Q: 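Below are the C-alpha cells for one structure; questions will follow.
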Protein chains: 2
Amino acid sequence: MSGQSQAAVERAIVARRERVNEAIAEELPIEHPERLYEATRYLLDAGGKRLRPTVLLLVAESLADVDPDAVDYRSFPVGDDAVDVMKAAVSVEVIQTFTLIHDDIMDDDDLRRGVPSVHREYDLSTAILAGDTLYSEAFQQLLETGADPEHTNAAALELATTCTKICEGQSLDIDFESRGAVSTDEYLEMVELKTAVLYAASAAIAAMLLGADEETVDSLYGYGLDVGRAFQIQDDLLDLTTPSEKLGKQRGSDLVEGKQTLITLHAREQGVDVDDLVETDSVEAVDEAEIEAAVERLREVGSIEYARETARDLIASGKDNLQVLPDNDSRDRLEDIADYLIEREY
Amino acid sequence: MSGQSQAAVERAIVARRERVNEAIAEELPIEHPERLYEATRYLLDAGGKRLRPTVLLLVAESLADVDPDAVDYRSFPVGDDAVDVMKAAVSVEVIQTFTLIHDDIMDDDDLRRGVPSVHREYDLSTAILAGDTLYSEAFQQLLETGADPEHTNAAALELATTCTKICEGQSLDIDFESRGAVSTDEYLEMVELKTAVLYAASAAIAAMLLGADEETVDSLYGYGLDVGRAFQIQDDLLDLTTPSEKLGKQRGSDLVEGKQTLITLHAREQGVDVDDLVETDSVEAVDEAEIEAAVERLREVGSIEYARETARDLIASGKDNLQVLPDNDSRDRLEDIADYLIEREY
C-alpha cells in the first residue's frame, strides 16, 4: 500500500466518521428515561473508527457512481427516490455497539475504548437494557431509510440473520475458552460469525437498499466477509508483533491469558505445546523476553507466517469481489480499506 | 362473564396455543451451536398461555372474516396473497420470551413458569445470548410472512418501536424500586411500556399485515393497550386477594417485598404508611393474619376498589375499541379475552 493510498484511505475514513457521528447524535437523542438513553450513547460517544458504516457508505457511493464530496447521504439518489443511507450506516454501527456492550458483560471486561465498560460505568441491568434498546433502535433506523419497501425488507432480513449469526459466533467463542482442541477451521467459522458477517452485511445492505442485483449483493457480501475475517486475524497478529507501547497494552497478552487465536491453533497443529509457551500466568508479571521467546517459537513453526498468509489471501479475495462495482474513487477506497486492515499497526 | 363465554374463550385459547406451539417447534429448530439454541427454546417449551399470539391470530381471523376452524394460518387469505400469519404470531411470543429471560437476569429471579430461570439453568452469558438470539429471530419471523412489502415494513417498524418501549418500561420499573414517591400515573405509564405495548403491537401487527386502514390499526392498538394494562393490574390484585394455595405462592408477597403496585401507590396517596403495612420482611416468615389485616386496611381506604375500577374501565374501553372489527365469532372471543383477563383467579 503506497503512502498516497494510505493517506487517501485515512482521509476517507475520517470524513465519513465525522458525518456518521453527527447522525448518531441526531438519530439517538437522550430521551426519557434519561439514564437508559445516556447508557445507550455512552459507548457510542467514547470513540470507534466507524469502519462498518464507512464501508456501507462507500459501497452506496460507488454503486450510485456519485461524487462523495457533493452527495447528501440523507437524501441519496436511488432511481427517482431519495434514500437516507445514513440511517442504514447508523444502524450497523448501533448493532456493533450493542454486541460490544453485551460481550463485555459476558467476558467481564472492565475497559472498552479506553473507558470503563457500560456494566462497570453503570450496572449490569442498565448494560443489558442499553444493549437491548440499541438492538431495536438499529432496526428502526434501517426500516426508515425511505427505500423501496421490497429492498427495505431484504435489508432488514439481512440485518436480523446477521444478528443471529453474531450470537452464534459469540457462543462458539465462549465455548472455545473451555475446550482444548479447536481446529483452525472451527476458529475461522467463529470469526466469520462473530466478526465478519457484520462487515458483510454492511456492504450487502447498501447494495440491497439501492436495488442492486443478486450477483452484486453476493459479491459485496463476500468482500465484507473476507475483510472482516482478515481484520480479526490481523488483531491476533498485532497482539504478538506490535511493541507494547504502541499497542497500548502488554504485547502477547493473548498468550498469557491462554486465548485461542489462529496463530496458536496452527502452532498446536504443528505439535507445539501452546499452553506452556508462556509460563507466567499474569499480564502484569510477564516480561518482554519471555514473550519474545514465545513469538520466536511461533515464527519458527510457521504459525505467524500462516496467519499473515491467510489474512493476505482473504484481502486479495475481498478485493476481487469489488470488481462488480463501477471503477470510481469510492471503489478505490474500498480496496484501500482492505489493504489498510492488514497493514495497520494498532 | 357467563360460564358459556368462559368455556368458549378457554377453548379458543387452548386451540390456538396448540397451533402456536407446533409452529414454535418448526420455526425455531435446535441448530449448531446446540447449547445456545437449546437455551433459546428452554423457556418457550416450559409453558405459557400464548395470549399475545392468540390475540394476533384472532384479530387476523376477525378482520378477514374467516372460519377459524377451517383456516390455514400458514397460508392465510389476504386479497390475492397467502400470508403466513402464524410466523407473526410466533414473532410476538418470541419477543415476550426474550424479555422474560433478560428481566429474570436483571431481577435475579430464580424461577419462571415453575422451572429455573435461564441464567440459573444455564449461566449468565448463555441467558444474555439466548435473549439476543430470540430478539433477531423474532424479526426474521415477522419479515418472512410473505405479506405485501409495505405492510411488512410497517409491522416490523411497529415491532422495533415496541421493543424500545419495553426496554424503557423495564428501566422505569427498576428505577421505581429505589424511589419512594411514584405516582399512580407514573406507575400506569410504566405498565403501559413494560407490558401493554406488546399486546397492542400483537393486535396492530395483525391488522397491518392484512392491510387494514389506519383507523382500524389504531383502534386495535388501543384494544391491546387497554387489556394489557388491565392484565397487569389484575396480576397486582391477585397477589392480594387470591388464597396462597390457589396462587401457588404466598399471598401478599408483593407487600412483604415492598413492591410498588397500583394498589399500594393509591393507598400511599390516601396517607397510608405502606412500608409498615406488613412488618415481617420475609415471605417465609409472614402469616396469613398479618397479610389479611394489611389487605383489610387497603380495602378500607378504597385502594382495592380503585384498582378493580381502573381495570374494569380499561376492559370496557378495550372492548369499545373492537367495534372496528366485523361482527363474528373471533371478535366475540377478543371481547371474552378482555373479560377473562380481569376475571381470572390466577
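Just so it is clear, the structure is predicted and the values come from calculations on it, not from any experiment.
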Q: What is the minimum heavy-atom distance between A/Asp132 and B/Tyr135, and which atoms define it?
A: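 Heavy atoms only, the tightest pair is O-OH, 2.7 Å.
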
Q: Check B/Ile128 against A/His102 and note the closest heavy-atom contact, atom names and distance.
A: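 For B/Ile128 versus A/His102, the nearest heavy atoms are CG2-ND1, 3.6 Å.
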
Q: Once you round to the nearest 0.5 Å, how far does CG of A/Leu193 lie from NE2 of B/His32?
A: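 One gets 7.5 Å once the value is rounded to the nearest 0.5 Å.
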
Q: With B/Cys167, which of A/Thr40, A/Thr133, A/Leu134 fulfils side-chain contact (heavy atoms from CB on, under 4.5 Å)?
A: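 Of the listed options, the one satisfying the test is A/Thr133.
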
Q: For A/Phe139 and B/Phe139, take the angle between the two ring planes, folded into 0 to 90°, and tell me which bin it lands in: parallel under 30, tilted 30 to 60, perpendicular over 60.
A: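 Ring orientation, 0 to 90° scale: parallel.
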
Q: Mark yes when over 12 heavy atoms from residues, nucleotides or ligands other than B/Glu34 sit less than 6.0 Å from its CD; otherwise mark no.
A: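 Yes, CD of B/Glu34 has more than 12 neighbouring heavy atoms, counting only those of other groups under 6.0 Å.
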
Q: When rounded to the nearest 0.5 angstrom, what distance separates OG in A/Ser125 from CG in B/Asp107?
A: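 So the gap between those two atoms works out to 7.0 Å.
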
Q: Is there a side-chain contact between A/Leu124 and B/Ile105, using heavy atoms and a 4.5 Å cut-off?
A: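 A side-chain contact exists here, since the closest heavy-atom pair is under 4.5 Å.
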
Q: Hey, could you give me the CG/CD distance between A/Leu143 and B/Glu158, rounded to the nearest 0.5 Å?
A: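 Rounded to the nearest 0.5 Å, the CG-CD separation comes out at 11.5 Å.
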
Q: CG of B/Asn153 to NE2 of A/His151: how many Å apart, nearest 0.5 Å?
A: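 Answer for the CG-NE2 pair, B/Asn153 versus A/His151, is 11.5 Å.
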
Q: In terms of heavy-atom proximity below 4.5 Å to chain B, should A/Leu157 be classed as side chain, backbone, both, or neither?
A: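 Both parts, heavy atoms under 4.5 Å.
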
Q: Please report the closest heavy-atom contact between B/Pro33 and A/Ser171, naming both atoms and the distance.
A: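 Distance-wise, the nearest heavy atoms are CG-OG, 3.8 Å.
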
Q: Of all of B/Glu137, B/Arg35, B/Lys165, B/Glu150, which one pairs up most often with chain A through heavy atoms under 4.5 Å apart?
A: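 Top count of heavy-atom pairs under 4.5 Å with chain A: B/Glu150.
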
Q: Do you know which two heavy atoms are closest between A/Gln140 and B/Thr161, and how far apart they sit?
A: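 So the minimum-distance heavy-atom pair works out to NE2-CG2, 3.4 Å.
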
Q: What's the spacing between A/Glu31 CD and B/Thr164 OG1 if we round to 0.5 Å?
A: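 Going from the CD atom of A/Glu31 to the OG1 atom of B/Thr164 covers 9.5 Å.
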
Q: Identify which of A/Glu168, A/Gln170, A/Glu144 forms the greatest number of heavy-atom pairs closer than 4.5 Å to chain B.
A: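 The residue among A/Glu168, A/Gln170, A/Glu144 with the greatest pair count is A/Glu168.
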
Q: Out of curiosity, A/Ile166 CD1 to B/Leu129 CG, how far, rounded to the nearest 0.5 Å?
A: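 A/Ile166 CD1 to B/Leu129 CG: 11.0 Å, rounded to 0.5 Å.
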
